[in-house]
Amino acid sequence: MNVTIIYGSDGGATKAVASRIAKKIQARTVNVAAAKAADFEDCDLLILGAPTYGAGDLQSDWEANLDTLKAANLNGKKVALFGTGDQVTYAESFVDAMGTLYDQVVAQGGIVVGFTDTDGYEHSASTAERDGRFVGLALDQDNQSSQSDKRITAWISHLM
Ligand SMILES: Cc1cc2nc3c(=O)[nH]c(=O)nc-3n(C[C@H](O)[C@H](O)[C@H](O)COP(=O)(O)O)c2cc1C
């Protein structure tokens, strides 16, 4: 299966997670700042990764390149999402950017796979939560980095 991971990252945490996932499943990684519509389209599984900034906002490169995502044909495409965030300092907007990307992908006809349980997290609100589950893999490299490898492995085995 041909997998592309498109990520945005200010501080490097999300980029590092993208690389870790890529290594485990032999995926290609593309920084969203340099992504073309074809990068979103030319794969069997598309994985999008984003940290949340502000108070629930998309990371700046995602914000600046949202039109590239919107221009991509995602109709019927299998898409998985991961979000990095800080559930302690930003408990009210934990991994909200993943919720924003979810809504956009669904609006473009993408089929989102890889929902996960919210057990083990201590946030109070997240727009990435739908019907009691996260719409993708939520990682907290600020407070729960020791749990990330286990979470990534479980998510990947469910996805592939
Ligand atoms: C100014 C600022 C605002 C943030 N806002 C949120 C937020 O609303 N929700 C959240 O879950 N994390 C928030 N975070 C935490 C980051 O998303 C988290 O540290 C992430 O791992 C950063 O990824 P990066 O290193 O790839 O940029 C914020 C961090 C900073 C510095």
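Both ligands and their constituent atoms are indexed starting at 1 by order of listing. Because the structure is a prediction, the values reported are computed rather than measured.
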Residue from Thr52, Thr84, Asn31 passing side-chain hydrogen bond (donor to acceptor under 3.5 Å, both in side chains) with Thr14 =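 By the side-chain hydrogen bond (donor to acceptor under 3.5 Å, both in side chains) criterion, Thr14 pairs with just one of Thr52, Thr84, Asn31: Thr84.
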
So among Asp142, Asp140, Asn143, which one has a side-chain hydrogen bond (donor to acceptor under 3.5 Å, both in side chains) with Gln87?
->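 Option passing the side-chain hydrogen bond (donor to acceptor under 3.5 Å, both in side chains) with Gln87: Asp140.
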
Does any N or O atom in [X] lie less than 3.5 angstrom from one in ligand 1, N or O only?
{"X": "Gly12", "answer": "yes"}
{"X": "Asp96", "answer": "no"}
{"X": "Asp10", "answer": "yes"}
{"X": "Pro51", "answer": "no"}
{"X": "Gly56", "answer": "yes"}

Counting only heavy atoms, tell me which of [options] gets closest to [atom].
{"atom": "atom 9 (N) of ligand 1", "options": "Gly11, Ala18, Gly49, Ser93", "answer": "Ser93"}
{"atom": "atom 11 (O) of ligand 1", "options": "Val17, Leu139, Val95", "answer": "Val95"}
{"atom": "atom 4 (C) of ligand 1", "options": "Tyr90, Phe94, Tyr7", "answer": "Tyr90"}
{"atom": "atom 19 (O) of ligand 1", "options": "Asp61, Asp86, Asp142", "answer": "Asp142"}

Could you tell me whether the side chain of Asn65 and the main chain of Asp61 form a donor-acceptor pair under 3.5 Å?
->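 Flag set: sc Asn65 to bb Asp61 pair under 3.5 Å.
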
Mark yes when over 12 heavy atoms from residues, nucleotides or ligands other than Glu41 sit less than 6.0 Å from its CD; otherwise mark no.
->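 Yes, the 6.0 Å shell around CD holds more than 12 heavy atoms from other groups.
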
Checking salt bridge (charged side-chain N to carboxylate O under 4.0 Å, His left out) for the pair Asp117/Arg133: CA distance, chi angles, key distance, verdict?
-> CA-CA 5 Å; Asp117 290 335; Arg133 303 195 82 204; 3.1 Å; yes

Please determine if Arg151 forms a cation-pi arrangement with Tyr121, meaning its NZ or CZ atom is less than 6.0 Å from the six-membered ring centre and no more than 45° off the ring axis.
->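 Yes, Arg151 sits over the ring of Tyr121.
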
Report, in ascending order of atom number, the atoms of ligand 1 lying under 4.0 Å from any heavy atom of [X].
{"X": "Thr14", "result": "23 (O), 24 (P), 26 (O)"}
{"X": "Gly85", "result": "10 (C), 11 (O), 12 (N), 17 (O)"}
{"X": "Ala55", "result": "8 (O)"}

Spacing of CE belonging to Met98 relative to OG1 belonging to Thr127, to within rounding of 0.5 Å |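 Separation between the atoms: 9.0 Å.
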
For Leu48, which of Tyr7, Phe82, Trp62 qualifies under side chain to side chain contact (heavy atoms under 4.5 Å, CB included)?
->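 With Leu48 as partner, Tyr7, Phe82, Trp62 yield a single side chain to side chain contact (heavy atoms under 4.5 Å, CB included), made by Trp62.
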
Ligand 1 versus Ala13, non-hydrogen atoms closer than 4.0 Å: side chain, backbone, both, neither?
->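 Under 4.0 Å from ligand 1, Ala13 contributes backbone and side-chain atoms.
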
What is the closest protein heavy atom to [atom], and at what distance does it sit?
{"atom": "atom 5 (N) of ligand 1", "value": "Gly54 O, 2.9 Å"}
{"atom": "atom 31 (C) of ligand 1", "value": "Tyr53 CE2, 3.8 Å"}
{"atom": "atom 16 (C) of ligand 1", "value": "Thr52 O, 3.5 Å"}

salt_bridge(Lys77, Asp44) N-O dist < 4.0 Å |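 Salt bridge: no.
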
Taking the six-membered ring for Trp, are Phe94 and Phe134 parallel (under 30°), tilted (30 to 60°) or perpendicular (over 60°)?
->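 The rings of Phe94 and Phe134 stand perpendicular, inter-plane angle above 60°.
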
